[in-house]
Amino acid sequence: MEHTAQICIQISGYAQAVLALWILLRCALSMLQEKYEPEVWAYLELPGGSSRAIHHWECILGRSHASDIVLAGQAGVDRSHAALRRDDHGQWTVWDLGSREGVFVNGQKIQRQAPLNDRDELRLGQASLHFMALSDQQRNTLQRNRAEPGRRVAPGGTMFLLTLFQLLILTQHLLSAQATYRQAVGLSFGVLIALEWVCYFFMRSLSVKGFEPETVAFFLTSVGFSVAASSVPENMVKQCFLLIGALGLFLALGWWLRDMGRVRALRWPMGAAALGFLGLNLLLSEAIWGAKNWLSIAGHSLQPSEFVKIAYVYAGAAPLDRLFRKRNLLMFIVFSAVCVGALALMGDFGTALVFFCCFLVISFMRSGSFATVFLALSGAGLAGMLVLTVKPYVAQRFANWGHVWEDPTGAGFQQVRTMTATASGGLFGHGAGNGWLEDVVAADTDLVFGVVCEELGLITGMVCILAVLLLAFFAVRNAAAGRSSFHVIAACAAVSIMMAQLALNVFGSLDILPFTGVTFPFVSRGGSSLISCWALLAYIKAGDTRKNASFALSNVSRKLRGRAVRKEAGKS
């Protein structure tokens, strides 16, 4: 009987690896090979009679080649002269970005901003432009004629493959788990499968056809469920409730990001919430393994720094009209310094490094200045030396870097066993629940890559890495087509956090980088981490402007049709 079970586990391991590759390939084909059909919101008639389509809700006018509308050769036009912004109700506003000769609307010089209506004359320096806003009927016609962006891979088929992948992992666990835990493990995977299909059909009910980022996230979450079933099968019911909470926050945040008015109103409270979470950590948490990053409430532990990531990205991203105010950039730098400094005081060097990587991405996207990034790197280098001096716990980890095999039973205990387990799993693994690494401290969190490779195989472990990379490439590729700079910056900042965590977790556990103790996105066990990753996914969805691809962007076609119906009803 035992021999038969081993054969079943081995065969299902081969099939599971093939399905993992197939799922990733289908998601990649759909996310990266689709041809984008740009949205059109208005037109600008340029000197000489030519016109330019406005493809974003926010765009820059200037003579710089980095501008959205380039006015090269026009006297008196600055490199970044003015910005146009559309709100959720279709009203356009023009902003003066500190130009030398100012911005004029219908001959009147604006002080800082002014509404811009159809057929208004816009003068920048000596360049005279005419703004032409599209009517609801014109927008409706354009939306109907807007082609589907390439040939989409059917998301339902990918979801079916994902379900097969999950059932294979569940089969392995049921064959290897103790009888006491089989019911809990089976129930948890059943809840996981039910939740992903409910989410899929909910999106379809909203006419959302792009489900690839969610599929990638559910794939990684499935691997995380497998890790939890191996290490703490008694907590699988809790894992289900955590996933329900994570999905709830993902949907709520995505809905909130649909309205830029709401987004702007909550930026300051989100910044205050980030500082509040860090303050709670500093004041109330106890040091565990040298770091004060865990807070215990009513017998349940949570990691506030994971929630700070959500608030930090929200507060750090900014709409276009705020990007050119040096005061706002300076305030963001101070805010970031406080966050990173608090994490350093807590001894959570890994999370501080993740935040710093995110800070570099946001600061460069907000300023466009390599000098700002270089200054930040210099300051971080000095701060890092100070941390290594006053925090012996962090300094010891750097001292062990590259020398773990010299003391395999002492300082190198965790990483030596992780590398051994990773190699022993081979390409297809020993089967879910059949590993031994989960008995090592932090195996299912900071060293989780070793558990995945040992039990599910190197192929599945590499697919997990490529899945996070796919989300990153997807967010960067979408940046050029984003409606708002807030959505673009937030999406890129979110994937920068995931990428930094991925690199520190995988390379740290394999002794390629210093072991800093951060989680693998979606895969590492931990409710705070899981909730944080799903919330960051909402930022990525908000940056997806493919036709009918994101619930985090308002469906303009549906709004226009609704307005047309209301107008007809009013006439009758």
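Just so you know, these numbers come straight off a predicted model, no measurement behind them. Numbers here are sequence positions counted from 1.
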If every non-hydrogen atom of [X] is compared with every non-hydrogen atom of [Y], which pair is closest and at what distance?
X    : Y    : value
A491 : I540 : CB-CA, 4.1 Å
G433 : S176 : CA-OG, 3.7 Å
I23  : L162 : CD1-CA, 3.5 Å
A479 : C492 : CB-SG, 4.4 Å
A538 : L257 : O-CD1, 3.8 Å
S550 : D544 : CB-O, 3.5 Å

Query - W436: ring-ring contact (aromatic ring centres under 6.0 Å, His included) partners, not counting sequence neighbours - result: none
Query raised in the report: Taking the inter-plane angle between the rings of F520 and F449 on a 0 to 90° scale, is it parallel (under 30°), tilted (30 to 60°) or perpendicular (over 60°)?
Result: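 Ring orientation of F520 relative to F449: parallel.
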Requested in this report: Could you check whether the rings of Y312 and F335 sit parallel, tilted or perpendicular, using 30° and 60° as the cut-offs?
Outcome: parallel
Donor-acceptor pair, distance only, cut-off 3.5 Å: does the side chain of [X] make one with the backbone of [Y]?
X    : Y    : value
Q166 : I193 : no
E212 : S30  : no
R267 : G316 : no
S528 : Q303 : yes
Q172 : A432 : yes
N505 : Q501 : no
Q16  : L456 : yes
R26  : A154 : yes

For the [atom1] atom of [X] and the [atom2] atom of [Y], what is their distance to the nearest 0.5 Å?
X    : Y    : atom1 : atom2 : result
I459 : L24  : CD1   : CG    : 12.5 Å
T460 : L19  : OG1   : CG    : 9.5 Å
F211 : E196 : CZ    : CD    : 7.5 Å
H173 : S230 : NE2   : OG    : 4.0 Å
I7   : I11  : CD1   : CD1   : 6.5 Å
F165 : S12  : CZ    : OG    : 11.0 Å

Side-chain heavy-atom pair [X], [Y] within 4.5 angstrom cut-off:
X    : Y    : answer
M499 : L471 : no
F225 : L243 : yes
C464 : F219 : yes
L278 : C339 : yes
M203 : L251 : yes
F428 : Q10  : no
S524 : D446 : no
W405 : M419 : yes

Can you find a side-chain donor-acceptor pair between [X] and [Y] that sits under 3.5 Å?
X    : Y    : result
S231 : D444 : yes
R525 : T445 : no
S188 : Q239 : no

Query raised in the report: Centres of the F250 and Y539 rings: under 6.0 Å?
Result: no
Query raised in the report: Do F218 and W534 make the cut of ring centroids closer than 6.0 angstrom?
Result: yes
Report summary line: For Q183, the side chain to side chain donor-acceptor pair (under 3.5 Å) test, sequence neighbours excluded, returns none
Requested in this report: Would you please name every residue forming a side chain to side chain donor-acceptor pair (under 3.5 Å) with E214, sequence neighbours left out?
Outcome: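 With neighbours one apart ignored, the set is K541.
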Report task. Could you please spell out the steps behind the side chain to side chain donor-acceptor pair (under 3.5 Å) verdict for W197 and T163? Result -> CA-CA 9 Å; W197 280 103; T163 302; 2.9 Å; yes
Under the side chain to side chain contact (heavy atoms under 4.5 Å, CB included) test, which residues partner [X], sequence neighbours left out?
X    : value
S532 : E306, K309, I310, L536
A273 : none
T418 : T422, L437, L447, S509

Requested in this report: Take F474 and R477, measure what side-chain contact (heavy atoms from CB on, under 4.5 Å) needs, and give me the verdict at the end.
Outcome: CA-CA 5 Å; F474 179 66; R477 184 173 184 262; 5.7 Å; no
Requested in this report: Kindly indicate, with the supporting measurements, whether the criterion side chain to side chain donor-acceptor pair (under 3.5 Å) is fulfilled by T519 and S529.
Outcome: CA-CA 7 Å; T519 56; S529 176; 3.2 Å; yes
Query raised in the report: Can C358 and F355 be said to form a side-chain contact (heavy atoms from CB on, under 4.5 Å), step by step?
Result: CA-CA 5 Å; C358 180; F355 269 79; 5.6 Å; no
